[in-house]
There are 2 protein chains.
Amino acid sequence: MPYHLGFGPLHRYGFYKRYGFRTTQARQVILDVFYNCKEHLSAEDIYLKIHKKYPGISLTTVYRTLEILNRLGIIEKHDFGDGRARYELAHHLCKKGHHHHLVCSGCGKVIDYDDLVDKETDFIKTIEEHLSKRYRFKITGHLVQFFGMCPECSKKGK
Amino acid sequence: MPYHLGFGPLHRYGFYKRYGFRTTQARQVILDVFYNCKEHLSAEDIYLKIHKKYPGISLTTVYRTLEILNRLGIIEKHDFGDGRARYELAHHLCKKGHHHHLVCSGCGKVIDYDDLVDKETDFIKTIEEHLSKRYRFKITGHLVQFFGMCPECSKKGK
DNA sequence: CTTGATGCAAATATTTTGCAGAGTC
DNA sequence: GACTCTGCAAAATATTTGCATCAAG
């Protein structure tokens, strides 16, 4: 089977067509950023990352694409309290696997921790089951963040 | 002991002076709102709530007061994903006690749940201890939210 | 009377939208 | 060729700031 028809990175764009969106260059490039980056990116981060190579892609398009990817569950939108939304590949697509966030209030640094995954998974499952029964919610997601001061910021007494 | 000198609601304003802020009418009124309200209020909500009775208090002052109260740990700032910050009395001052949030993605409704408190507290404590050791963070807080669709929105297929 | 608090207007910052032209299928 | 996607400019929204004035201590 020719390489370009095989399974691999190329297939990631299939999401767009499958849900009735057209597969444009901008949308491919933006999705690639997520597959090639482990950080939590804001809309502007993404715009700046691709702007040198693709000056034709505007910030507006970045926002519109992020909206689509978020609604399709391909990326997750986070708020770390710095006034701008940040995005990363959804955990089911992400090599990093399921993790939560530890945010430094001093410098804004975010650590993806996946320690005690079993305990976390168990906790989430138990609570989700309980809440969905008790309040008859169809639970679609959760957010667990811890925040505090990283060693560097603690020293500086920020 | 005369009532007005006894322990009670009057003492809540002591926070301001104790931390070097002046106790102004605006600051008293805004803090009262939190003691008299169980909802999660945005800056504008608060402004509108007090505006009829105190038309002299501006939205700017509301923002500035919220900043102070938040930094003193008297109120907690939350983001429920609707683009504006929302505030409520900190859990140690709040009759409602420690609770987390269940947010409906359809209509934005927020349920304060305090079911399974013991399990939650235990979970938080374990993770906090682990993270503070492993990453040498001084943990100051956490955020646990579940989101999904409430029964009404599920029906409407929003 | 000194210093901090406030209102107003204007600035910022992020995200959204209208519309005409370009690109995908 | 139909209909979607895009860039640009402008709007919308939330929050912050400069500054002259006012008020608490």
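So you know, we letter chains A, B, ... as the sequences are listed, proteins then strands, and number each from 1.
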Subject >> Expected output: side-chain B:N36 to main-chain B:D32 donor-acceptor under 3.5 Å >> reply: yes
Original post:
Any donor-acceptor pair under 3.5 Å linking the side chain of B:D45 with the backbone of B:S42?
Top reply: yes
Original post:
For A:I30 and D:dT6, what is the distance between atoms CD1 and C1' respectively, to the nearest whole Å?
Top reply: 11 Å
Original post:
Counting just side-chain N and O atoms, does B:T24 come under 4.0 Å of either OP1 or OP2 of C:dT6?
Top reply: yes
**OP:** Could you check how far CD of A:Q28 sits from C1' of C:dT24, rounded to whole Å?
**Re:** 11 Å
**OP:** Return the value, rounded to whole Å, for the distance between atom OH of B:Y87 and atom C1' of D:dA14.
**Re:** 10 Å
**OP:** Measure the distance from CG on B:L41 to P on D:dT15 and round it to the nearest whole Å.
**Re:** 13 Å
**OP:** Quickly work out the B:L66 CG to C:dA5 C1' distance and round it to whole Å.
**Re:** 15 Å
Original post:
Looking just at side-chain N and O atoms, do B:D118 and B:T121 make a donor-acceptor pair shorter than 3.5 Å?
Top reply: no
**OP:** Measure from the side chain of A:A85, starting at C-beta and using heavy atoms only, and say which of D:dA14, D:dG25, C:dT15 lies closest.
**Re:** C:dT15
Original post:
Taking the six-membered ring for Trp, are A:H40 and A:H99 parallel (under 30°), tilted (30 to 60°) or perpendicular (over 60°)?
Top reply: perpendicular
Subject >> Near-ring test B:H142/B:H98, centroid separation under 6.0 angstrom >> reply: yes
Original post:
What is the distance, rounded to the nearest whole Å, between atom OH of B:Y13 and atom C1' of D:dG25?
Top reply: 19 Å
Original post:
If you find the nucleotide of DNA chain D closest to B:Q25 and the one closest to A:P55, which residue's nucleotide is nearer the 5' end?
Top reply: A:P55
Subject >> For the student: nearest non-hydrogen atoms of B:F21 and B:R27, plus distance >> reply: CB-NH1, 3.6 Å
**OP:** Would you classify B:S42 as touching base, sugar-phosphate or nothing, given that sugar-phosphate means primed atoms plus P, OP1 and OP2, and contacts are heavy atoms under 4.0 Å?
**Re:** nothing
**OP:** Tell me which residues in residues 70-80 of chain A put a heavy atom below 4.0 Å from DNA chain D, sorted by number, or none.
**Re:** none
List, with names and distances, any nitrogen or oxygen atoms from the protein found under 3.5 Å away from nitrogen or oxygen atoms belonging to nucleotides 2-4 of chain D.
from: D:dC3; atom 1: O2; to: A:R22; atom 2: NH1; distance (Å): 3.1
from: D:dC3; atom 1: O2; to: A:R22; atom 2: NH2; distance (Å): 3.4
from: D:dT4; atom 1: O4'; to: A:R22; atom 2: NH1; distance (Å): 3.2

**OP:** Look at the side-chain N and O atoms of B:Y63 and state whether any lies under 4.0 Å from the OP1 or OP2 oxygen of D:dT15.
**Re:** yes
Subject >> From D:dT6, C:dT6, D:dG25, nucleotide with atom closest to B:T23 side chain >> reply: D:dG25
**OP:** For residues B:F137 and A:G148, report the shortest heavy-atom separation together with the two atoms involved.
**Re:** CD2-C, 4.0 Å
**OP:** Determine the contact category for B:T60: base if any of its heavy atoms lies under 4.0 Å from a base atom, sugar-phosphate if only primed atoms, P, OP1 or OP2 are that close, otherwise nothing.
**Re:** base
**OP:** Take A:A43 and A:R64, find for each the nucleotide of DNA chain C with the closest heavy atom, and name the residue whose nucleotide sits nearer the 5' end.
**Re:** A:A43
**OP:** Just compare C:dA5, D:dT15, D:dG25 and give me whichever is closest to any side-chain atom of B:K17.
**Re:** D:dG25
Original post:
Which whole-number value in Å describes the distance from A:E44 CD to C:dA13 P?
Top reply: 10 Å
**OP:** Assess whether atom NZ of A:K138 is packed by more than 12 heavy atoms of other residues, nucleotides or ligands within 6.0 Å.
**Re:** no
**OP:** Report the distance from atom CZ of A:R64 to atom CG of A:L59, rounding to the nearest 0.5 Å.
**Re:** 10.5 Å
**OP:** Whole angstrom is fine here: how far is it from CD1 in B:I57 over to P in C:dC8?
**Re:** 12 Å
Subject >> Cluster overlap B:V110 with B:F34, hydrophobic side-chain contacts below 4.5 Å >> reply: no
